[in-house]
Amino acid sequence: QVQLVESGGGSVQAGGSLRLSCAASEYPYGRCMGWFRQAPGKEREGVASIQGNTGTPRYADSVKGRFTISQDSAKKTIYLQMNALDPEDTAMYYCALSRDYCFMATVSRDGYGYWGQGTQVTVSS
């Protein structure tokens, strides 16, 4: 089965930066990958996603201009560059792979069938 392994989480002060990585054992043609996060007591929400073939990204409004998603298809890896971090960004961050062909990347959980175990991001004010 597909395995996704996140790394790069940690603790930073507000305004700082982190770069998350997610290595996939498989990244089939036509799939999308994305980053999601979940804070205690809240639902898991989409942060950023990318269509594997076109490289077209999509972001949640809350992170536009601050976060950048990218990929290295040859390495089957996606990244999330997080700048200008705010305490509201504190959460467990998960990467995900769509279950089937993905025409356009979205920040909705619908369609994502494979998930990593997550990496914790903590931002202090």
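Note that the structure is predicted; figures quoted are calculated from it, not measured. Note that these values count all heavy atoms, side chains included, but never hydrogens, waters or copies made by symmetry.
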| message | Run the side chain to side chain contact (heavy atoms under 4.5 Å, CB included) test on W35 and M82 for me, step by step, so that the C-alpha distance in whole Å, both residues' side-chain angles and the decisive distance to 0.1 Å come before the verdict. | response | CA-CA 11 Å; W35 290 97; M82 309 164 69; over 6 Å; no
| task | Identify the two heavy atoms, one from S125 and one from P87, that lie closest to each other, and give their separation to 0.1 Å. | result | CB-CG, 3.8 Å
| Are M104 and Y101 grouped together when hydrophobic residues (ILVMFWY) are joined by side-chain heavy atoms under 4.5 angstrom apart? | yes
| request: Return yes when atom CZ of F103 has more than 12 non-hydrogen atoms of other residues, nucleotides or ligands closer than 6.0 Å, and no otherwise. | output: no
| query | What do the steps show when you test R66 against D86 for salt bridge (Lys or Arg N to Asp or Glu O under 4.0 Å), and what is the final call? | reply | CA-CA 10 Å; R66 299 189 298 123; D86 184 273; over 6 Å; no
| task | Measure from NZ or CZ of R109 to the centre of the six-membered ring of F36, then state whether that distance is under 6.0 Å and the direction lies within 45° of the axis. | result | no
| task | Using a cut-off of 6.0 Å, state whether more than 12 heavy atoms not belonging to Q120 lie near its atom CD. | result | yes
| said: Looking at Q117 and V5, would you say the former's side chain and the latter's main chain have a donor-acceptor pair under 3.5 Å? | reply: no
| remark: In this structure, CE of M33 is separated from NZ of K76 (nearest 0.5 Å) by 11.0 Å
| task | State whether the side chain of R31 and the backbone N or O of S98 hold a donor-acceptor pair below 3.5 Å, judged by distance alone. | result | yes
| task | Check L4 against A24 and note the closest heavy-atom contact, atom names and distance. | result | CD2-CB, 3.4 Å
| task | Side-chain contact test, heavy atoms from C-beta onward, threshold under 4.5 Å: evaluate it for T68 versus P57 and give yes or no. | result | no
| task | Say whether, by atom type as modelled, one donor and one acceptor occur between the side chain of D72 and the main chain of T77 under 3.5 angstrom. | result | no
| field | For the student: nearest non-hydrogen atoms of V121 and L18, plus distance | value | CG1-CD1, 3.9 Å
| field | Spacing of OH belonging to Y94 relative to CZ belonging to R37, to within rounding of 0.5 Å | value | 13.0 Å
| Looking only at atom types and distance, does a side-chain atom of Y59 sit under 3.5 Å from a main-chain N or O of G65, one as donor and one as acceptor? | no
| So, Q51 side chain and C102 main chain: donor-acceptor pair closer than 3.5 Å or not? | yes
| Spatial distance of atom CG (L20) from atom OG (S7) [nearest 0.5 Å] | 8.0 Å
| field | Taking every non-hydrogen atom, the tightest pair across T90 and A39 | value | O-CB, 3.8 Å
| note | Rounding to 0.5 Å, atoms CD (Q38) and CD (E45) come to a distance of 9.5 Å
| Under the 3.5 angstrom rule, does the side chain of S49 hit a backbone N or O of T106 as a donor-acceptor pair? | yes
| task | Examine L80 and Y112 and state if one hydrophobic cluster contains both, with Ile, Leu, Val, Met, Phe, Trp and Tyr joined whenever side-chain heavy atoms are less than 4.5 Å apart. | result | no
| field | Ring geometry between F67 and Y93 (parallel below 30°, tilted from 30 to 60°, perpendicular above 60°) | value | tilted
| task | Look up atom CG in N83 and atom CZ in R19, then write down how far apart they are to the nearest 0.5 Å. | result | 10.0 Å
| Same cluster (ILVMFWY, side-chain, under 4.5 Å), W115 and L97 | no
| Verdict with supporting geometry, Y114 and E26, side chain to side chain donor-acceptor pair (under 3.5 Å) | CA-CA 11 Å; Y114 305 95; E26 300 177 29; over 6 Å; no
| Is the backbone N or O of Q3 less than 3.5 Å from a side-chain atom of S25, with the two atoms forming a donor-acceptor pair by type? | yes
| note | Note: S17 and A84 closest approach over all heavy atoms is OG-N, 4.4 Å
| message | Please tell me whether V63 and V12 are part of a single hydrophobic cluster in this structure, the criterion being side-chain heavy atoms less than 4.5 Å apart. | response | yes
| query | In Å, rounded to the nearest 0.5 Å, how long is the span from CD1 of I69 to SG of C95? | reply | 9.5 Å
